[in-house]
Asks: 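Dropping a structure here in C-alpha cells format, bear with me for questions.
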Amino acid sequence: MKKYASPSKWKDLFVFDAHCDTACVLFDPPVSFVRNPAHLDLQKIRKGGLQAQIFALWVDPLLAPQRAMKKALLLLQNMEKKVFAPKHAIKVTSLAGMDAAVRQKKLAAWLFLEGGHIIENSPEILHIFYSLGVRGMTLTHSKNTDWADSTTDTPRHQGLNALGRRIVRQMAEMGMAIDVSHASDKTIAHVLKTTAVPVMASHSNSRELCAIPRNLTDDFIRAIAKRRGFIGVNFCPAFVLRRVFDQIEANFARYAKEIKERTRGKLDDPEFLSQIEWEYFLRSVAGTDPVGLDDIVDHIVHIAAIGGIDCVGLGSDFDGIPSTPTGLRNAAAFPALVAAMQKRGFREAEIRKVCALNLRRFLGRVLVEK
Ligand SMILES: [Zn+2]
C-alpha cells in the first residue's frame with residue numbers, strides 16, 4: 001500500500017462532493033465563482049483538489065407552492081451564466097462526461113434539485129428538469145411536500161403518499177438519484193419499499209453519534225448500504241455534535257421575539273422570511289462549541305463500521321451551513337480531512353473510496369445512460 005509523504009504533496013487527490021449550496025450563494029447576493037468569501041470558488045476548488053461536485057438547486061420551502069419552480073430555474077440559469085458559459089466548470093450528466101471534464105482539468109458539475117416542492121407535484125416537470133441536466137432530487141427539504149414527509153416537520157402523510165410513490169418510481173426509471181437527506185424516517189422506509197434501486201443520503205450523518213432526526217439511524221445506514229447506496233457526511237457542526245445542535249436551537253429561540261417583530265406585516269414575502277431565518281441562524285452559531293476534523297472523521301468511521309467502507313463519502317453542504325468545523329472552513333481544506341483520515345488509520349484505497357469513488361460508483365449504478 002502506497003504511503004503518502006504528506007497530504008499536501010498528494011497531487012492526485014480526487015474529491016467528489018455530494019452536496020453544496022453554492023448555486024444559491026452565486027445568486028443572492030450575486031458573487032463571483034472565480035473568487036468569493038464563501039465556501040467554494042475556483043481558487044478553493046484547485047487548492048482542495050475538488051474535481052467533481054454535485055450542486056444543489058435549493059429552494060426554500062417557504063417559496064412553495066407558487067414561486068419554487070421559478071426560483072430553481074433562475075438558479076439554474078445563473079449557474080449557466082456564471083459557471084458553465086465561462087467554462088469555469090462543465091455541466092455533466094454522465095460518468096463519461098465527468099471523466100472528460102476531469103481530463104480537461106475542469107470541475108465536473110452535477111445538478112440536483114433540493115426539495116421535492118420544486119416540481120409542483122408534477123412528474124412532467126421532473127422530466128423537464130431532467131432534460132435540463134438535473135440528475136437527482138432530494139425528496140423534501142425542511143417542510144413536508146404534498147407527497148412526502150420531512151424529518152423536520154409534523155408528519156402529514158406518514159411517509160410517502162400515492163403521488164410520492166409514483167414520483168420515486170419515476171425517478172428510478174429515469175435514472176435520477178433519489179436523495180433521502182431531509183426525509184422523515186417513514187418516508188425513507190417507504191422509499192426503500194417502493195423501489196429496489198440504490199438510494200443516497202447526500203448530506204446526512206449518524207444519529208447514533210449525533211441524536212437528531214436529520215441524521216440516519218444505524219438501521220437506515222445498513223439498509224442504504226445493503227442496496228449499494230451512498231451516504232455523504234455533512235460538515236454542518238449542528239449535525240455532527242448534539243451539544244452544538246442544542247446550543248444553536250437555544251440561541252435561535254432567544255431571537256423569537258425579535259424575528260416576530262421584524263417579520264410583522266411581511267408574512268406574505270417568502271424571500272424576505274427566508275433571508276431573515278438565515279440571518280438568525282448565522283447569529284445563532286456565535287459562541288457555540290467548536291467542532292473539529294476528528295468529529296467529522298468519527299461520522300465517517302461510524303458509517304463505515306455499520307454500512308461498510310463502500311457506502312460512505314462526502315456531502316459537505318458547503319455554502320449551505322451557517323458555520324464550519326475548525327480546520328475545514330471551506331473547499332480548500334479537503335486535504336486536511338484526508339490527513340485526519342490517514343491519522344485515524346484509513347488506508348489509501350479507503351480514502352480514495354470516501355473522497356470520490358463511492359459516489360462515482362453509486363451514480364454509475366443509478367444513471368440510465370442515454
Ligand atoms: Zn440540505
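Atoms within each ligand, like the ligands themselves, are counted from 1 in listed order.
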Asks: Look at the aromatic rings of Phe318 and Phe235 and report parallel, tilted or perpendicular, splitting at 30° and 60°.
Replies: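 Answer is perpendicular, since the angle exceeds 60°.
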
Asks: Salt bridge (charged side-chain N to carboxylate O under 4.0 Å, His left out): which pairs involve residues 136-162, sequence neighbours left out?
Replies: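 Pairs touching residues 136-162 that pass the test: Asp146-Arg156.
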
Asks: Could you give me a count of protein N/O/S atoms that are under 2.8 Å from the Zn ion (ligand 1)?
Replies: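 With waters ignored, the protein N/O/S count below 2.8 Å is 3.
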
Asks: Using modelled atom types and a 3.5 Å cut-off, is there a donor and acceptor pairing between side-chain atoms of Thr140 and backbone atoms of Gly115?
Replies: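 No, the answer is negative, given that no donor and acceptor are paired below the 3.5 Å cut-off.
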
Asks: So how far is it from Phe84 CZ to Leu107 CG, rounded to the nearest 0.5 Å?
Replies: 8.5 Å

Asks: What salt bridge (charged side-chain N to carboxylate O under 4.0 Å, His left out) pairs are there with at least one residue in residues 310-328, not counting sequence neighbours?
Replies: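 For residues 310-328, and leaving out neighbouring residues, the salt bridge (charged side-chain N to carboxylate O under 4.0 Å, His left out) pairs sorted by first residue read Asp310-Lys353.
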
Asks: Among residues at least two apart in sequence or on other chains, which ones pass side-chain contact (heavy atoms from CB on, under 4.5 Å) with Arg329?
Replies: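 side-chain contact (heavy atoms from CB on, under 4.5 Å) list for Arg329, sorted by chain: Thr324, Thr326.
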
